[in-house]
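Counting from 1, the numbers follow the sequence of the chain as shown.
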Amino acid sequence: MSPHIYKLEDWFLLKISAWIVKVDDGVYIVDTGMPFMGKRILKEAEKLGKLKGVLLTHGHSDHVGGLKKIVELRKVPVYAHKNDIKHMEGKEPFPGRKKAEFLVQPGLVQPLEELNDGTLKKIEDLTPIHTPGHSPGHVVYYHEKDRVLIGGDLFMSKKGQLKRPIAMFTANMEEAVESAGIVKELKPKVVSICHGCDVEEPHKQIDKYLYNFRLKNRHK
């Protein structure tokens, strides 16, 4: 999809995606899909270089499902935002859900490193940005050279238009929609979406996206 970023897609009721990001001396995997996707993701990643680590946009089951197989085969570090780790380890349910889910082995996932100003430290060519709402620790990864924003579940899409993430799986929709304003700041060439087709120049749509949500909620 761009010189350094490759998107893998599969289907399980809906489209589910993961990404491979090529750096000078290897590759990173971003998200791992469902369990049946793990081996394929690793195989495709290693066609491009040595695996250096796994980065997660968030801790929901359709983003961490392939992780177990990947780390069984390759001992690499795994990172996510600190606010999601307790939920994916099963210590607390994700907000809005009744039951805790034991999705990863405790201690497997490390928190993304924070700088003194609270922003997240770059990982080679990727800048992680905290975009809470869909989950407390949802993160997007911006590749500045390619101008691609790996968006996880920041958006859905339909016919090239930005759509809100699925409500029943989103902890705080108002916060998720406000977090989506990051595309106005970054102006990426493309936002790459897990459960839908990628959207070009999303910043050109974001004012309407935010306005429509606020208008709808004002009338509730």
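Among Val21, Val76, Asp25, the single residue meeting the side-chain contact (heavy atoms from CB on, under 4.5 Å) criterion with Lys52 is Asp25. With respect to Leu56, the side-chain contact (heavy atoms from CB on, under 4.5 Å) criterion is satisfied by exactly one of Val139, Ile85, Val78: Val78.
Taking OH from Tyr209 and CG from Asn212, the interatomic distance works out to 10.5 Å, rounded to the nearest 0.5 Å.
For the pair Leu48/Tyr6, a side-chain contact is recorded, criterion being any heavy-atom separation below 4.5 Å from C-beta on. You'll find the side chain of Pro35 stays beyond 4.5 Å of the side chain of Lys68, heavy atoms only. A 4.5 Å side-chain heavy-atom check between Ile129 and Leu186 finds at least one atom pair inside the cut-off. In this structure, the side chains of Ile150 and His143 stay at 4.5 Å or more apart for every pair of heavy atoms.
Using the six-membered ring where Trp is involved, His58 and His134 have ring planes that are perpendicular, over 60° apart on the 30 and 60° scheme.
Between Tyr28 and Tyr141, the distance separating the two ring centers is not shorter than 6.0 angstrom. Aromatic rings from His63 and His195 are positioned such that their centres are separated by under 6.0 Å.
Ionic pairing of Arg214 and Glu178 is present here: one or more N-O contacts between side-chain nitrogen and carboxylate oxygen are shorter than 4.0 angstrom.
With hydrogens and angles ignored, the 3.5 Å screen pairs no side-chain donor or acceptor of Asp62 with any backbone N or O of Gly33.
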